[in-house]
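Reviewing the structure listed below.
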Protein chains: 2
Amino acid sequence: MNSNLTLKKKLVESGYSLTSQREEVYTELIENASAHMTAEEIFIKLSQRHLRIGLSTVYRTMSIFTNIGITDKVDFDDGMSRYELVEDFSGNSHRHHHLICLGCGRVEDAFDDLMEDLEKDVLEKFSFNIIDHSVKMYGYCADCSKKQDKN
Amino acid sequence: MNSNLTLKKKLVESGYSLTSQREEVYTELIENASAHMTAEEIFIKLSQRHLRIGLSTVYRTMSIFTNIGITDKVDFDDGMSRYELVEDFSGNSHRHHHLICLGCGRVEDAFDDLMEDLEKDVLEKFSFNIIDHSVKMYGYCADCSKKQDKN
DNA sequence: ATAGAGAATGAGATTCATTCTCATTTTACA
DNA sequence: TGTAAAATGAGAATGAATCTCATTCTCTAT
């Protein structure tokens, strides 16, 4: 399949090989693309499918994937690291912004259009050249906002 | 002193009392206002001053301070939580943005002026009401940018 | 295709930040 | 001032993530 060719290319050009375990983890990420899974969740899902993999290997794989730009490591302050696929890992893709609902805990992904202005501003005021950024917004999603209004 | 009156007020109105330990921690935060200290760093600094305090108490205190809005808990991806004083914890103060230098590791604090546009945008597109946000910018500070240019 | 070198795996041990427990001390208020 | 409730601190416990090392797999040169 096409996407696994891209995976292999990306791994090989960074000096890694495409093993069955790395392929399984990648497939799991694709099939749960909006899930922000933890290493342990990936491990459990693969085990349920009777795919033999060790938890250490999942952690190692996520570390490699993140280092070579296949995934982003994200943190929603619940004590575990989570991972999401980088949208288009051949080019310079934008990192997601996360809208974290304080009501129901759901996490929505949002893209950033206005960040460019902010980056220019930071460069001017601080002489700081931004390479990447992580933006988390805490608030109330549409559903929870409605529920709040009723009370 | 004036600021400790504010500390007491804030604690009492949330149902806590002002103990000597909480006062010591607060003083330490004031004196290292730009330091983004970990609980353990606070513990060590206080111990060096021969102020008797337990590490658990520091953790508990930071948890309370953060819950009632005296401090913000910040995370620079080094495996430890760090804390910074909220600028003006009687009013609605802006949270800091952090400029994290990938070269030297230094962390600068920046305020947000342009975030309001971004918040409006998120409200329109996602019906998501933002209460708070956390923004981390990774890049190169003025010094490290210069060094890079030379190479 | 095959051998051999180096990379990858996995089970379990280890680490380390943080939280919990509970006996003791301190604080607030009647 | 006495007492109930809150806070403290030493050490135990927790749990995510990393490390170890013997075994297995992958890739390349022949």
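So you know, we letter chains A, B, ... as the sequences are listed, proteins then strands, and number each from 1. Values reported hereafter were calculated over all heavy atoms of this structure, with side chains retained and with hydrogens, waters and symmetry mates removed. Treat the numbers as computed from the prediction; the structure is a model and nothing was measured.
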Nearest-Å distance, [atom1] ([X]) to [atom2] ([N])?
| X | N | atom1 | atom2 | answer |
| --- | --- | --- | --- | --- |
| Asn67(B) | dT19(C) | CG | P | 11 Å |
| Ile64(A) | dT18(D) | CD1 | P | 12 Å |
| Gln21(A) | dT26(D) | CD | P | 8 Å |
| Phe76(B) | dA17(C) | CZ | P | 17 Å |
| Phe43(A) | dA11(C) | CZ | C1' | 10 Å |
| Leu18(B) | dA28(C) | CG | C1' | 13 Å |
| Lys8(A) | dT26(D) | NZ | C1' | 10 Å |
| Met80(B) | dG15(D) | CE | C1' | 17 Å |

* NA contact type, Ser63(B), heavy-atom cut-off 4.0 Å: base, sugar-phosphate, or nothing? ->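 The residue Ser63(B) makes no contact with any strand.
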
* Would you indicate what Thr38(B) reaches in the nucleic acid, counting non-hydrogen atoms under 4.0 angstrom: base, sugar-phosphate, or nothing? =>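 Nothing: the residue Thr38(B), judged by heavy atoms under 4.0 Å, touches no strand.
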
* Do Asn67(B) and Tyr16(B) have side-chain N/O donor and acceptor atoms under 3.5 Å apart? ->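 Side-chain D/A pair, Asn67(B) to Tyr16(B): absent.
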
* To do: Scan side-chain atoms only and decide if His97(B) and Asp109(B) contain a donor-acceptor pair under the 3.5 Å cut-off.
  =>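 On atom types as modelled, these side chains do not qualify, holding no pair under 3.5 Å.
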
Closest to the [X] side chain: [options]?
| X | options | result |
| --- | --- | --- |
| Ser17(A) | dG10(C), dA8(C), dT18(D) | dA8(C) |
| Arg60(B) | dA8(C), dG9(D), dA7(D) | dG9(D) |
| Thr57(B) | dA11(C), dT8(D), dA7(D) | dT8(D) |
| Glu40(B) | dA17(C), dA10(D), dA8(C) | dA17(C) |
| Ile53(A) | dG10(C), dG9(D), dA7(D) | dG10(C) |

* Look only at the side chain of Lys10(B) and the backbone of Gly69(B), and say whether a donor-acceptor pair between them is shorter than 3.5 Å. =>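 No, the answer is negative, given that no donor and acceptor are paired below the 3.5 Å cut-off.
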
* Determine whether more than 12 heavy atoms belonging to other residues, nucleotides or ligands lie under 6.0 Å from atom CZ of Arg52(A). =>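 Incorrect, the count does not exceed 12.
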
* Asked: Would you find more than 12 non-hydrogen atoms of other residues, nucleotides or ligands less than 6.0 Å from Lys136(B) atom NZ?
  ->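 Yes, NZ of Lys136(B) has more than 12 neighbouring heavy atoms, counting only those of other groups under 6.0 Å.
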
Phosphate oxygens OP1/OP2 of [N]: is one of them under 4.0 Å from a side-chain N or O of [X]?
| X | N | answer |
| --- | --- | --- |
| Thr19(B) | dA6(D) | no |
| Tyr59(B) | dT19(C) | no |
| Ser56(A) | dT9(C) | no |

